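Lettering follows sequence order; numbering is per chain, from 1. Because the structure is a prediction, the values reported are computed rather than measured.
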Protein chains: 2
Amino acid sequence: MREATLKDVATRAGVSIRTVSNVVNGYAPVSDALRAKVETALGELDYRPNVIARNLKQGRSGLLGLVVPELDVPYFAELARATIAAGRRHGYTVMVDQTDADPERERELLTRNSRLALFDGLILSPLTLTVQDLRVRGNRAPIVLLGEHLFDGSFSHVAIDNVAAAREATEHLIALGRTRIAAIGDQPYQTGETAQLRTAGYRQALERAGIAYDPRLVRPTERFHRRLGAAAATELMALPSPPDAIFCYNDLLALGALRSLVRAGVRVPDDVAVIGIDGIEEGEFSMPSLSTVAPDKQQIATLAVESLVALIEGTAAPAPAEVRAAHTLLPRESTLGISGLGVSGLGISG
Amino acid sequence: MREATLKDVATRAGVSIRTVSNVVNGYAPVSDALRAKVETALGELDYRPNVIARNLKQGRSGLLGLVVPELDVPYFAELARATIAAGRRHGYTVMVDQTDADPERERELLTRNSRLALFDGLILSPLTLTVQDLRVRGNRAPIVLLGEHLFDGSFSHVAIDNVAAAREATEHLIALGRTRIAAIGDQPYQTGETAQLRTAGYRQALERAGIAYDPRLVRPTERFHRRLGAAAATELMALPSPPDAIFCYNDLLALGALRSLVRAGVRVPDDVAVIGIDGIEEGEFSMPSLSTVAPDKQQIATLAVESLVALIEGTAAPAPAEVRAAHTLLPRESTLGISGLGVSGLGISG
DNA sequence: CTGAAAGCGCTAACAG
DNA sequence: CTGTTAGCGCTTTCAG
């Protein structure tokens with residue numbers, strides 16, 4: 001017993017298919033008499049429209065896809081929330097996928113037979129895609145990219161100024177009087193563009209303050225995860241002359257570092273100040289709370305959706321735009337200290 | 001200049017549409033001569049298949065939808081990751097949406113014209129849906145529900161045993177010798193089924209241990225967020241006789257409570273032990289780390305996808321199944337204490 | 001191995 | 001206000 005079609009309903013109600021369609025979609029006015037008959041038939045047959053057929057006819061699905069490396073990285077989860085909201089404001093339904101940071105899966109998205117070709121447009125936060133990959137893509141959906149990876153100007157892009165964000169984070173530490181400032185999260189290879197920009201910002205800040213760059217204080221990490229931040233912080237503290245501040249390339253690294261420091265009895269921020277980037281909510285509730293530079297996720301999402309919708313609806317020339325979103329320094333306890341307690345930091349007490 | 005269709009390619013290559021389709025899909029063998037011609041035309045016209053048309057013909061999209069209340073609640077983000085992986089193993093692409101815990105949006109999902117009707121099946125984690133809503137739903141996609149909300153046996157369901165999970169968490173606190181055990185997260189109204197089951201488990205544990213139930217120690221919260229957990233913990237500590245342990249209905253509440261306790265100079269776990277439910281990664285990195293009861297998210301995702309796929313592919317009778325997933329107690333520092341330091345807890349040190 | 005053609009279910013232009 | 005009908009672009013049966 002297959003699903004009822006419009007035709008089945010029309011037959012049963014003794015009207016034309018057109019009338020049924022009108023009733024279902026509330027289009028043209030339908031006389032009450034017919035409407036009643038149709039409604040009855042609709043109910044009896046338990047009619048549900050075939051959305052795929054409708055989409056085919058209309059040439060659109062009303063769906064936007066957001067693809068991020070990892071959904072359980074809070075930054076991406078928070079960004080997803082903002083993007084879904086922005087999509088709704090434009091009449092689109094945003095659905096989210098993740099690639100597990102797997103290069104092959106990133107590439108799959110763009111292939112001819114990707115299921116995401118069914119979406120009207122895609123917002124991608126790529127890790128390993130090359131411009132080449134984007135160029136030969138086999139699906140037709142317009143694309144907007146997130147982040148500064150891939151920078152050749154042939155695709156629309158939304159990102160914060162990563163150099164400035166990193167510089168401001170580092171300058172905040174310098175303003176606190178710190179001089180041995182470590183950095184966790186460098187990725188000096190192919191796909192580490194964002195990390196490299198943050199390294200550049202870090203070094204700019206040091207330079208401007210006349211602080212010598214010490215490569216031993218810069219720890220690379222393959223990914224931006226808590227565990228790696230914790231490990232790197234431990235290593236740093238084992239140095240002959242350990243840092244008095246740590247700039248982490250994202251909040252997750254910073255949160256990991258925070259725990260390993262406090263756990264080891266290091267007082268934060270008295271002994272070591274810590275700052276991250278991302279502005280995730282988790283950082284408001286760590287102990288101590290985490291200072292951070294927060295990209296305006298709301299704005300990133302809005303700009304990305306607007307660019308994409310313009311591309312889809314042809315209201316913008318497909319000339320790719322490089323859009324810059326705002327970021328804000330949010331100093332909290334991990335650099336300012338725990339106020340209102342008359343104490344100098346958090347540590348282990350017996 | 002519209003997108004090239006199969007027909008365009010066929011015309012250009014001087015072959016039939018059928019042959020082009022075969023080449024594109026690698027179906028029936030095609031002679032090398034024709035294949036070459038087709039490939040050329042494909043390239044010249046930059047052909048990309050219309051996935052919607054294909055789906056219409058095939059009657060499926062290969063897409064599964066996962067809908068959760070809030071993606072930036074780590075439990076759901078982690079569950080999403082597991083579900084996406086499980087979907088892939090079954091040949092489906094899972095895409096994720098969120099409702100912002102908005103009743104109206106939950107209901108929208110089920111309407112006749114919901115865009116999610118385009119998905120082959122839906123996994124929903126509902127908050128406010130009623131069985132009635134589910135019954136009159138206008139879209140055709142099979143549904144599997146997550147969580148214990150809605151319990152009338154007419155829809156497939158995957159959930160942990162919430163009563164047992166809560167009981168075990170509470171028993172863990174009791175085993176530590178705690179007797180004034182508070183609870184944060186009750187929701188004594190319509191849509192708070194899960195919370196109510198956890199309250200039941202909490203009370204069972206108290207009863208079995210012969211500890212009197214004290215309603216002042218039970219704090220309701222509208223949502224399961226960090227901020228509310230922090231506020232509730234602060235209130236509890238202001239009681240004439242404050243608790244010596246707190247069972248939070250999820251990890252986010254617990255993490256909020258943790259911060260407010262430590263921030264106030266309360267030693268955790270010496271003065272107050274804390275435990276949550278969810279087993280989110282964040283709890284491994286808080287200071288102190290968070291004891292928790294972890295639902296097996298991998299298993300939940302796998303079971304949900306399996307049930308759904310069986311429904312879609314008709315390999316299972318549509319007889320709804322109530323599936324129970326496993327959970328595990330993970331004791332960590334917030335109840336066991338910080339080992340290896342010879343100290344008794346974390347606090348503020350001057 | 002390849003071509004012709006039916007038709008998936010729906011929308012909307014065209015007629016009346 | 002309502003009926004008829006031509007496709008949307010693709011897959012696939014049926015012939016050849």
Take atom [atom1] of [X] and atom [atom2] of [N], then tell me their distance rounded to the nearest Å.
X        : N       : atom1 : atom2 : value
Asn55(A) : dC10(C) : CG    : C1'   : 10 Å
Ile52(B) : dG9(C)  : CD1   : C1'   : 13 Å
Leu42(A) : dG9(C)  : CG    : P     : 16 Å
Leu56(B) : dT11(C) : CG    : P     : 12 Å
Asp8(B)  : dC8(D)  : CG    : P     : 10 Å

Which atom pair, heavy atoms only, marks the closest approach of Ala77(A) to Leu71(A)? CB-O, 3.5 Å
Could you go through the side chain to side chain donor-acceptor pair (under 3.5 Å) check for Thr194(B) and Asn162(B) one step at a time? CA-CA 7 Å; Thr194(B) 298; Asn162(B) 274 298; 4.6 Å; no
Treat primed atoms plus P, OP1 and OP2 as sugar-phosphate and everything else as base, then score nucleotides 10-16 of chain D 5' to 3': B for base contact with protein heavy atoms under 4.0 Å, S for sugar-phosphate contact only, - for none. BBBBB--
Given dT2(D), dA4(C), dC1(C), which nucleotide is nearest the side-chain atoms of Thr19(A)? dT2(D)
Whether the side chain of Asp133(B) engages the backbone of Leu129(B) through a donor-acceptor N/O pair (distance < 3.5 Å, no angle test) should be reported. no
Kindly say whether Ser21(B) contributes a backbone atom to a donor-acceptor pair with the side chain of Asn25(B) at under 3.5 angstrom? yes
Between Glu108(B) and Arg115(B) (salt bridge meaning N to carboxylate O under 4.0 Å), is one present in this structure? no
Consider only side-chain N and O atoms of Arg35(B) and Asn22(B), and report whether a donor and an acceptor are under 3.5 Å apart. no
